[in-house]
Amino acid sequence: MKNKKTLVLGATTKTDRYAFKAVQQLVEKGHSVLAVGQNAGEIAGIKIQTKAIPLKNIDTVTLYLNPTRQRDYYNYIVEAQPKRVIFNPGTENPEFYQLLQLNNIKVEVACTLVLLATNQY
């Protein structure tokens with residue numbers, strides 16, 4: 001499996017949250033992971049940054065932010081030019097889909113955890 005450098009946006013140290021589980025699973029499966037969240041912390045050796053960090057060669061952005069909170073990151077994500085953005089359940093955002101597609105970024109409405117578990121990531 002190819003290492004897909006992934007930004008988890010909405011990362012948290014709360015162990016019951018899907019964003020936490022996604023970081024863990026991505027690391028376990030051998031992907032390079034960057035994490036940005038509201039509060040600093042660490043998951044599986046990955047530091048959660050509280051501010052947007054410079055992004056280079058990002059394959060995937062996986063979202064764990066509601067559509068209203070995503071607006072602050074529209075330009076950040078588009079400028080990073082990832083190959084795709086995964087909208088996990090609860091993050092669906094048709095407004096953002098259009099902006100991404102206009103910038104030739106693939107939109108995937110899916111669950112990162114399911115994609116990883118079924119080797120479709």
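Only a predicted model underlies this, so the values are computations on that prediction, with no experimental measurement involved.
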Give the minimum heavy-atom separation between [X] and [Y], together with the two atoms involved.
{"X": "His31", "Y": "Lys4", "value": "ND1-N, 2.9 Å"}
{"X": "Ile86", "Y": "Ala110", "value": "CG2-O, 3.7 Å"}
{"X": "Ala19", "Y": "Ala11", "value": "CB-CA, 4.1 Å"}

Transitive ILVMFWY side-chain link [X] to [Y], under 4.5 Å:
{"X": "Val33", "Y": "Leu116", "answer": "yes"}
{"X": "Val23", "Y": "Ile53", "answer": "no"}
{"X": "Val8", "Y": "Leu115", "answer": "yes"}

List in chain and number order the residues that pass side-chain contact (heavy atoms from CB on, under 4.5 Å) with [X], two or more places apart in sequence or in another chain; answer none if no residue qualifies.
{"X": "Pro67", "result": "Gln70, Asn93"}
{"X": "Thr13", "result": "Ile48"}
{"X": "Thr15", "result": "Phe20"}
{"X": "Glu79", "result": "Asn75"}

Query - Selection residues 88-111 - residue pairs positive for ring pair (Phe, Tyr, Trp, His ring centres under 6.0 Å), sequence neighbours left out - result: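 Every ring pair (Phe, Tyr, Trp, His ring centres under 6.0 Å) pair that includes a residue of residues 88-111, provided the two are not neighbours, is Tyr74-Phe96, Phe87-Phe96, Phe87-Tyr97.
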Query - Whichever hydrophobic residues join Val114 through chains of side-chain contacts under 4.5 Å - result: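 Members alongside Val114: none; it stands by itself.
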Requested in this report: Count the heavy atoms belonging to other residues, nucleotides or ligands that lie under 6.0 Å from CD of Glu42, then report whether that count exceeds 12.
Outcome: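 Result for CD/Glu42: enclosed.
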Just how far is it from atom [atom1] of [X] to atom [atom2] of [Y], taken to the nearest 0.5 Å?
{"X": "Gln25", "Y": "Tyr121", "atom1": "CD", "atom2": "OH", "value": "11.5 Å"}
{"X": "Gln38", "Y": "Leu65", "atom1": "CD", "atom2": "CG", "value": "8.5 Å"}
{"X": "Thr12", "Y": "Tyr18", "atom1": "OG1", "atom2": "OH", "value": "14.0 Å"}
{"X": "Tyr73", "Y": "Leu7", "atom1": "OH", "atom2": "CG", "value": "9.0 Å"}

Of all residues at least two apart in sequence or in a different chain, which pass the side chain to side chain donor-acceptor pair (under 3.5 Å) check with [X]?
{"X": "Thr68", "answer": "none"}
{"X": "Gln24", "answer": "none"}
{"X": "Glu28", "answer": "none"}

Report task. List the steps, then state whether side chain to side chain contact (heavy atoms under 4.5 Å, CB included) holds for Leu34 with Ile58. Result -> CA-CA 9 Å; Leu34 300 169; Ile58 292 289; 3.7 Å; yes
Query raised in the report: Would you say the side-chain atoms of Lys21 pair up with the backbone N or O of Leu113, donor to acceptor, closer than 3.5 Å?
Result: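 Checking the backbone N and O of Leu113 against the side chain of Lys21, no donor-acceptor pair under 3.5 Å is found.
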I want to check something: taking the side chain as every heavy atom from C-beta on, are [X] and [Y] in contact at a cut-off of under 4.5 Å?
{"X": "Ile77", "Y": "Leu63", "answer": "yes"}
{"X": "Gln81", "Y": "Leu55", "answer": "no"}
{"X": "Val78", "Y": "Leu100", "answer": "yes"}

Query raised in the report: If you look only at pairs with a residue in residues 92-101, which of them pass as a salt bridge (charged side-chain N to carboxylate O under 4.0 Å, His left out), with sequence neighbours excluded?
Result: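 Non-adjacent pairs meeting salt bridge (charged side-chain N to carboxylate O under 4.0 Å, His left out): Arg71-Glu95.
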Requested in this report: Would you mind listing every salt bridge (charged side-chain N to carboxylate O under 4.0 Å, His left out) that reaches into residues 7-20, with sequence neighbours excluded?
Outcome: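 Output for this query is empty, none listed.
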Requested in this report: Would you mind listing every side-chain hydrogen bond (donor to acceptor under 3.5 Å, both in side chains) that reaches into residues 50-64, with sequence neighbours excluded?
Outcome: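 Sorted result for residues 50-64: Thr60-Arg84, Thr62-Asn88, Thr62-Thr112, Tyr64-Asn88.
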Report task. Step by step, work out the side chain to side chain contact (heavy atoms under 4.5 Å, CB included) result for Val107 and Gln101. Result -> CA-CA 7 Å; Val107 169; Gln101 289 165 338; 4.0 Å; yes
